[in-house]
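Heads up, the thing below is written out as structure tokens.
Naming: A, B, ... by sequence-line order, numbering from 1 per chain.
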Amino acid sequence: MSEILIRAALEGVLREMGVQEAEIRLERPRDPAHGDWATNVALSLASRLGRSPRDLAEEMVRNLDLAAAGADRVEVAGPGFLNFHLSAGAVAGILPHILLRDQDFGRGDQGGGQSVMVEFVSANPTGPLHLGHGRQAALGDAISSLLEWTGWAVHREFYYNDTGSQMDLLARSVWARYQELLGLEAEIPEGGYQGEYVRDLASRLLEEVADRYRGDSSPETLDKMRELAVRILREEQDRDLEEFRVAFDEYYLESSLYADGRVESTVQALQETGFVYDRDEALWLRTTDFGDQKDRVMVRRDGTPTYFLADVAYHLTKWERGFRHAINLHGSDHHGTVTRVRAGLQALGLPEGYPEYVLHQMVTVEREGREVRFSKRSGSYTTLRELCAEVGVDVARYFFLMRKPEAHLVFDLDVAMDQSEKNPVYKIQYAHARMCSIFRKAGVEEDDIRCEGLDLGGLSHPLERELAKQLAGFPEILERAAASRAPHVLCEFLEQTANAVNSWYHAGNPSRDPELAVLAADPGIRGARLALARAVRIVLRNGLGVLGVSAPVRMERSEEEEHA
RNA sequence: GCGCCUGUAGCUCAGCUGGAUAGAGCAUCGGCCUUCUAAGCCGAGGGUCCCAGGUUCGAGUCCUGGCAGGCGCGCCA
């Protein structure tokens with residue numbers, strides 16, 4: 001709002017001074033003494049115009065239309081910055097806009113309605129989801145939402161790697177536990193699955209087929225074991241994801257690529273490109289032509305296709321299904337696949353850099369300063385389900401999102417389980433609930449709070465100005481977070497917003513300064529503050545919604561703490 | 001050895017396309033509760049931004065070279 005007015009005023013001044021093209025960058029100074037908005041445009045133009053920055057800045061100030069820019073005053077500072085101090089009315093000018101847009105405040109159209117596929121989780125159906133999957137589920141879903149909020153048509157997809165040696169290991173692990181239940185000696189194969197859930201799968205199998213496969217390790221039996229294990233584990237993963245509030249538009253099965261001949265047609269297409277050669281009886285793709293460190297095998301000596309080939313076939317379907325933009329989320333241990341998959345696709349004529357990757361580091365859990373180890377293959381790992389049971393879905397999702405994806409995540413259980421405002425999730429939710437509480441106390445319906453007829457210029461206290469400015473920055477934050485695929489930017493914003501809200505709210509506590517209470521005696525200021533409170537509620541609710549975190553209208557105090 | 005990621009306060013981390021005195025939370029210390037819910041509030045201390053060069057009016061941010069940690073380098077997925 002105010003930013004647009006200032007920009008227009010600056011452009012006007014520069015035009016008068018004969019400067020046609022200038023990139024005007026406005027920023028919000030950290031130091032309040034530097035005003036509400038600042039620009040370095042005089043510094044960046046100085047050398048081009050052969051003048052001193054301060055000189056230039058001073059001339060600009062003399063010619064500037066203050067009122068049109070919504071500013072009370074403009075100062076030249078430091079080496080030649082222009083600092084704009086806005087009028088209270090200009091700062092609060094964002095409020096009518098926020099209230100009008102309501103659920104849609106923050107939405108943008110940067111994507112222009114283009115479609116984009118976001119692939120995430122993509123766990124093998126070989127066990128329950130662990131915390132790495134949880135982080136990826138939270139990230140993928142939040143990035144998808146950010147894209148939706150910035151004008152993209154998002155398709156959320158889960159790729160099931162339901163083929164290959166891991167599946168065989170799973171089947172043989174289940175087989176071993178099944179034989180054990182029948183009192184026979186059997187061992188989990190090397191590198192097999194040791195987890196408790198494998199025993200559960202065996203028990204389920206026993207219920208269904210009794211001892212029909214006693215001592216029988218024929219391929220048909222192992223197929224049966226695999227089938228059952230995959231079915232049950234997929235159901236379990238689906239249920240976990242549903243409870244984690246993540247929904248997919250499509251589940252794509254790796255096995256279907258074999259069934260419908262796509263793997264075969266892809267290898268044929270690649271063979272026509274000239275990037276393919278035979279060596280040691282295997283079929284290779286010259287991925288080094290596209291920056292890979294070494295060439296890759298597509299078809300093994302025994303004639304079976306590699307995972308790599310299926311991966312290329314799979315990503316080709318994304319392009320063929322019309323997705324000109326595709327984002328893949330993977331653990332950073334998969335970064336080796338990035339170049340080779342892109343290489344395969346480039347060989348087929350797809351553009352460089354397709355698909356885009358967001359790689360995230362692993363999660364470790366700490367409790368009382370001690371690391372809690374978990375490892376999928378060893379079988380003693382913390383599952384997403386267990387974590388959610390402990391801290392709740394809201395906290396789990398937020399904690400997974402609050403750090404940038406490429407940084408290792410330490411999940412601090414002590415903070416996560418704290419229900420005070422030390423926990424950032426609760427801090428934000430409290431701020432939201434407080435606004436709702438004020439509406440109840442005031443006896444007004446939220447939707448009836450409007451800006452018409454109010455003097456928003458009454459919101460002149462520094463805490464109110466800060467808060468209104470903070471709220472105004474929400475759309476830009478969403479845009480930035482979406483463009484950089486970085487939900488943590490939004491977390492940071494919401495936490496800052498909650499800080500500003502809570503400072504403002506507490507300043508009006510009767511024990512401190514009742515004059516600053518939202519529900520002040522004066523009807524004019526009371527109305528303006530209610531409008532600000534509603535705007536706060538809108539921004540926090542929309543922001544939490546993007547992250548998939550709930551925005552409660554009241555916070556329930558648990559029994560034990562009630563009596564504490 | 002090669003490649004990717006990370007290195008900022010005691011701890012966990014922000015820092016947008018290079019901008020003014022590097023920020024937050026936790027922890028520590030000091031002050032404060034019969035509350036628009038004190039599950040909190042106000043304030044203070046705390047930094048060679050891993051190191052060394054370079055580009056720039058200006059570098060935590062960009063470039064080069066190191067150091068440290070994580071991950072990857074299968075005819076596994």
*Check the distance between B:rG69's P and A:L409's CG and give it to me in whole angstrom.*
22 Å
*Looking only at atom C1', what distance separates B:rG25 and B:rG46, rounded to whole Å?*
15 Å
*With both distances under 3.5 angstrom, what nucleotide forms a Watson-Crick or G-U wobble pair with B:rC73?*
B:rG1
*Name all residues meeting the side-chain contact (heavy atoms from CB on, under 4.5 Å) criterion together with A:E464; count only those two or more places apart in sequence or in a different chain, and write none if there are none.*
A:L459, A:H461, A:W504, A:R529, A:L532
Each nucleotide N or O in nucleotides 24-32 of chain B that has a protein N or O under 3.5 Å away: list the pair and distance.
unit_1, atom_1, unit_2, atom_2, d
B:rA27, OP1, A:K422, NZ, 3.1

*Check side-chain contact (heavy atoms from CB on, under 4.5 Å) between A:A138 and all other residues, then give those that pass, not counting sequence neighbours.*
A:F244, A:F400, A:L401
*For A:R54, check side-chain contact (heavy atoms from CB on, under 4.5 Å) against everything at least two apart and list the hits.*
A:S52, A:E58, A:V76
*What residues form a side-chain contact (heavy atoms from CB on, under 4.5 Å) with A:Q293, not counting sequence neighbours?*
none
*Side chain of A:D295, backbone of A:T287: donor and acceptor closer than 3.5 Å?*
yes
*Name all residues meeting the salt bridge (charged side-chain N to carboxylate O under 4.0 Å, His left out) criterion together with A:R300; count only those two or more places apart in sequence or in a different chain, and write none if there are none.*
none
*Sticking with atom P, work out how far B:rC41 lies from B:rU64, rounded to a whole angstrom.*
45 Å
*CD of A:E366 versus P of B:rC13: gap in Å, rounded?*
9 Å
*asked:* Judged by each residue's nearest nucleotide on RNA chain B, which is more toward the 5′ side, A:N161 or A:S437?
replied: A:S437
_Can you tell me how far apart NE2 (A:H432) and CD1 (A:I428) are? Round to the nearest 0.5 Å._
11.5 Å
*Is a side-chain donor-acceptor pair under 3.5 Å present for A:Q429 with A:D394?*
yes
_Side chain A:Q136, main chain A:V121, donor-acceptor under 3.5 Å_ = yes
*What distance separates A:L147 CG from A:Q110 CD, expressed to the nearest 0.5 Å?*
10.5 Å
*Reckon A:Y505 touches a base, only the sugar-phosphate, or nothing at all at heavy-atom distances under 4.0 Å?*
base
*What distance, rounded to whole Å, do you find between the two C1' atoms, one in B:rA24 and one in B:rC5?*
24 Å
_Need one value for A:S503: base, sugar-phosphate or nothing, where a base atom within 4.0 Å counts as base even if backbone is also close, heavy atoms only._
sugar-phosphate
*Among B:rA39, B:rC76, B:rC42, the one nearest A:S165 by side-chain distance*: B:rC76
*With both distances under 3.5 Å as the test, what is the Watson-Crick or G-U wobble partner of B:rA39?*
none
*For B:rG10, which nucleotide in any strand shown is its Watson-Crick or wobble partner with both distances under 3.5 Å?*
B:rC26
_Separation of B:rC76 C1' from A:M298 CE (nearest whole Å)_ = 18 Å
*Separation of B:rG43 P from A:H506 NE2 (nearest whole Å)*: 13 Å
*Considering every strand shown, what is the Watson-Crick or G-U wobble mate of B:rG46 when both distances are under 3.5 Å?*
none
_Measuring only the C1' atom in each nucleotide, how far is B:rU55 from B:rC63? A whole number of Å is fine._
7 Å
*When the distance from OH of A:Y160 to P of B:rA77 is rounded to whole Å, what number comes out?*
19 Å
_Between C1' of B:rU12 and CG of A:D418, the distance in whole Å_ = 15 Å
*Applying salt bridge (charged side-chain N to carboxylate O under 4.0 Å, His left out), which residue pairs with at least one partner in residues 483-501 of chain A are found, sequence neighbours left out?*
A:E356-A:R485, A:K427-A:E495
*Which ones in residues 472-487 of chain A lie close to RNA chain B, meaning a heavy atom under 4.0 Å from one of its atoms?*
A:R480
*asked:* Please classify the nucleic acid contact of A:Y430 as base, sugar-phosphate, or nothing, using heavy-atom distances under 4.0 Å.
replied: base
Got a list of protein N/O to nucleotides 18-20 of chain B N/O distances below 3.5 Å?
unit_1, atom_1, unit_2, atom_2, d
B:rG19, N7, A:N40, ND2, 3.0
B:rA20, OP2, A:R30, NH2, 2.8
B:rA20, N6, A:N83, OD1, 2.9
B:rA20, N1, A:N83, OD1, 3.2
B:rA20, N1, A:N83, ND2, 3.2

_Pair A:E479, A:T150: side-chain N/O donor-acceptor within cut-off below 3.5 Å_ = no
*Under 4.0 Å between a Lys/Arg side-chain N and an Asp/Glu carboxylate O for A:E476 and A:R480?*
no
*With no hydrogens and no angle check, is any side-chain donor or acceptor of A:Q237 less than 3.5 Å from a backbone partner on A:G127?*
yes
*Expressed as a whole number of Å, how far does the C1' atom of B:rC33 sit from that of B:rC42?*
13 Å
*Name the pairing partner of B:rU56, where a pair is Watson-Crick or G-U wobble with both distances under 3.5 Å, or state none.*
none
*Would you kindly give the CG-to-C1' distance between A:D513 and B:rC33, to the nearest whole Å?*
17 Å
*Thinking salt bridges, do A:R73 and A:E75 make one under a 4.0 Å N-O criterion?*
yes
*Can you sort out which residues in residues 398-408 of chain A have a heavy atom within less than 4.0 Å of RNA chain B? Ascending by number, please.*
A:R403, A:K404, A:E406, A:H408
*Could you tell me the separation between the CG atom of A:D311 and the OG1 atom of A:T306, rounded to the nearest 0.5 Å?*
9.0 Å
*Which base, if any, makes a Watson-Crick or G-U wobble pair with B:rG18, both distances under 3.5 Å?*
none
Can you tabulate the close N/O pairs, meaning under 3.5 Å, that link protein atoms to atoms of nucleotides 72-75 of chain B?
unit_1, atom_1, unit_2, atom_2, d
B:rG74, O5', A:K294, NZ, 3.4
B:rC75, O3', A:R300, NE, 3.1
B:rC75, O2, A:R301, N, 2.9
B:rC75, N4, A:D280, O, 3.1

*What distance, rounded to whole Å, do you find between the two P atoms, one in B:rC76 and one in B:rA9?*
44 Å
_With rounding to the closest Å, how many angstrom separate the P atoms on B:rG30 and B:rA68?_
42 Å
*Tell me the side-chain hydrogen bond (donor to acceptor under 3.5 Å, both in side chains) pairs involving residues 332-346 of chain A, sequence neighbours left out?*
A:S332-A:Q361
*Knowing that exactly one of A:F158, A:Y160, A:Y314 qualifies, which makes a ring pair (Phe, Tyr, Trp, His ring centres under 6.0 Å) with A:Y252?*
A:Y314
*Could you measure between the two P atoms, the one in B:rG60 and the one in B:rG19, and give it in whole Å?*
10 Å
*Is the closest basic N to carboxylate O distance between A:K318 and A:E119 below 4.0 Å?*
yes
*Separation of B:rG7 C1' from A:Q361 CD (nearest whole Å)*: 12 Å
